[in-house]
Amino acid sequence: MKFQLEDITVYFPYSHIYPEQYAYMLDMKRALDAKGHCLLEMPTGTGKTIALLSLIISYALSRPSSPPKLIYCTRTVHEMEKTLAELKLLYSHIQTHISGASPQFLALGLSSRKNLCVNPRVLSAESRDSVDASCRKLTASWVRALAAENPNALTCEFFEKYDKAGAGAMLPPGVYTLQDLRTFGKEKGWCPYYLARHMIQYANVVVYSYQYLLDPKVAGIISKEMQRESVVVFDEAHNIDNVCIEALSVSVRQQTLEGATRNLNKMTREIERLVVDTTRLTGSYHFQRFKATDAGRLRAEYNRLVEGLAQRGNLPISDTWLANPALPDDILKEAVPGNIRRAEHFVSVLQRLVQYLKGRLQTENVETESPVGFVASLNSQVGIDQKMLKFCYDRLHSLMLTLEITDTDEFLYIQTVCNFATLVGTYTRGFSIIIEPFDERMPHIPDPVLQLSCHDASLAIQPVFQRFQSVVITSGTLSPIDLYPRLLNFNPVISRSFTMSLTRDCICPMVLTRGSDQLPVSTKFDMRSDPGVVRNYGRLLLEMVAAVPDGIVCFFVSYSYMDGIVNSWNEMGILQEVMQHKLVFIETQDVVETTLALDNYRTACDCGRGAVFFSVARGKVAEGIDFDRHYGRLVIMFGVPFQYTLSRILLARLEYLRETFQIKEGDFLTFDALRQAAQCVGRVIRSKADYGMMIFADKRYSRHDKRSKLPGWILSHLREAHLNLSTDMALHIARDFLRKMAQPYDKAGNGGKKTLLSEDDLKRMGESIADMF
């Protein structure tokens, strides 16, 4: 269908639209008209993605003279693929509805080499860093130059053909998923990764990860040429403040420093070696080694450093490095400090820095320091000043290019140290340096770590707000929505939370406060180990697995709590009773094990046996896996998922938020816990045709200050009679709800109440809105 929304024609690839989708589009359009940012909370399962894509692309088509580019940021590759699949459907719909020549439209996804590479030799590497290093060994400019003289040398045939095609290496109009890019690359013989990087400047829609905009090291290379008129969308952005903080935080451990020492020793040998072998057997070809005493090359590097570091933009695309983690463009034009221009001097500085950090890790007490104090101590003890620290990352980049190092995965340790040095030398506020000799939760195991912890999420996202005219932050769980502008330090022109229109009450949230024996249940620290609480939680699960068909998902507050309570259930015999009804699968911190458990869980649900999946709030499953339809008829949130409140990093952040943004510690902790709980329970409802139950199993959820921070679409279905339940009461409600859901229903049922809008409905709504203005 297509309809008129104020002054634009919206192309929508379905025959009907929900009222909340229409309202969502209307608010987003007004934010785009105002050239401002917006915060929009849209209930899960209401078609948020297609509504967003339809509105923004239709908006761009209505302005052919200056159409805005859409930069769509997702958290996972799976979400990227789903977004591109929706785009394909929308593009096909637009082609059929536009008369005459269809507009030239290009949309593509961009991911890492590991997800886009088609060279078997490169893909044989295990990790993403190893794949990047293998690619560099075949595509670096000096490798290709030597290969031109040696016919037996190995290069990447896909990159060579792409580079040879030059300006002719272009994608035809259309929508390209990652698989489409790989297929196209194989057919043409072009490298899909470098082709995608080249095409993002021409694409109408680019879909990629948050890090491509929020992590300065990646954004400085990938996103530096994006137009200011672009519309940026952060989807599923309920944890965007944590993503921003992680992008500017660095952890240095003993293993990091030992690896950095090995890296520096190898660099020193390369620099000081007077005579080296002219050839070295690598694979099946002879690779000409760089002679470290080549005065011409060292002199060229020295002169380049005298002029400044702005030349990095002129590097070949295959030599580009991660950008500086902090420095603004005007700083890059400065000359590098004279005492680190020569290679041997710079390596000596890094050696002193590594030795200083090793000394700081040899402590028996927790130490907290500001960047200013840390830099002053570093300067007084080893003579490294703030300006030298600022340039460490770029100076390392220059040196590794001069030494023609291709094993970038081997040099990750010294990169981490230089990343730390540049950040601590750049920022004076919003950071803390915390040195812990052991983990607070395992004090008997020595594990010293020095952490540069960022507390201000706005530091990473401010360049995005300042650079692009419209930024859309959206998710199904942004409540309480008024805290995000304070955390991210911006002023949205639109901030709104939408409710869900339903033909039937297919969502049944409940708050369970006590067990069948009337004893309260909670994961409060002083109650979580109580045998009565553990037993009541186990009896709740046992009753539900006997009554609820198909899949049940259980979320715990942490891995340690899940391990403890599952062991206790096993000792009490509860786990064996549960497994008589359904199979049990458990999420672990190992990605492969968890993936296998999820596959087997789905298989058990598909064959009718049903299953229970134990997961953890803030885990991979809670953030990116959907349990729609029969995969999730019930989700149980055991406890309130507060962060570990004795964490030094968390305490430092809470103090910073209180002093800088006047956000009280309790308010932030409750906000963070409730958004995680809402994200967990929202996994089971992925469409309006679906149905499911949500049990918040903790007495604290019955308190208004906690409950009120849940999203409005959950609260609107949370009845007063469901606020203070025992296990037997929850079981009765669950059985009644399942009987009701088993009845057939009509889309326009519930007394003829319509929750789908046709084109005629939209026309009348448009006329009413016009009359209002």
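Values in this document were obtained by computation on a predicted structure and should not be read as measured data.
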For this session: Considering only NZ, NE, NH1 and NH2 on the basic side and carboxylate oxygens on the acidic side, decide whether Asp385 and Lys387 come within less than 4.0 Å.
Result: no
Problem set entry | From OG (Ser348) to CZ (Arg342), nearest 0.5 Å | 14.0 Å
Problem set entry | Spatial distance of atom CD (Gln643) from atom CG (Asp672) [nearest 0.5 Å] | 4.5 Å
For this session: Quick one: list whatever passes side chain to side chain donor-acceptor pair (under 3.5 Å) with Lys620, sequence neighbours left out.
Result: none
Exercise. Taking atom types as modelled and ignoring hydrogens, do the side chains of Tyr193 and Arg197 form a donor-acceptor contact shorter than 3.5 angstrom?
Worked result: yes
For this session: Kindly assign one of parallel, tilted or perpendicular to the pair Phe556 and Phe638, based on the angle between their ring planes and the thresholds 30° and 60°.
Result: parallel
Exercise. Distance-only, no hydrogens or angles: does the Ser124 side chain make a donor-acceptor pair with backbone N or O of Arg121 under 3.5 Å?
Worked result: yes
Exercise. Sequence neighbours excluded, which residues qualify as salt bridge (Lys or Arg N to Asp or Glu O under 4.0 Å) partners of Glu655?
Worked result: none
Exercise. Should the pair Tyr427 and Phe431 be assigned to parallel (<30°), tilted (30 to 60°) or perpendicular (>60°) ring geometry?
Worked result: parallel
Problem set entry | Any donor-acceptor N/O pair, Glu587 side chain to Ala622 backbone, under 3.5 Å | no
For this session: Measure centre to centre between the rings of Phe420 and Phe374, then say whether the value is under 6.0 Å.
Result: yes
Exercise. Would you call Asp407 and Lys137 a salt bridge, taking side-chain N to carboxylate O under 4.0 Å as the test?
Worked result: yes
Exercise. Any side-chain donor-acceptor pair under 3.5 Å between Ser458 and Asp456?
Worked result: yes
Exercise. Roughly how far, to the nearest 0.5 Å, is the CE atom of Met267 from the OG1 atom of Thr402?
Worked result: 10.5 Å
For this session: Check whether any side-chain N or O of Asn419 sits under 3.5 Å from a backbone N or O of Gln415 as a donor-acceptor pair, and report yes or no.
Result: no
Exercise. Taking Ser453 for the side chain and Ser432 for the main chain, is one N or O donor matched with an acceptor at less than 3.5 Å?
Worked result: no
Problem set entry | Inter-residue atom distance Tyr561.OH - Ser529.OG, 0.5 Å rounding | 7.5 Å
Seminar exercise, completed: In this structure, OG1 of Thr588 is separated from CG of Asp563 (nearest 0.5 Å) by 9.5 Å
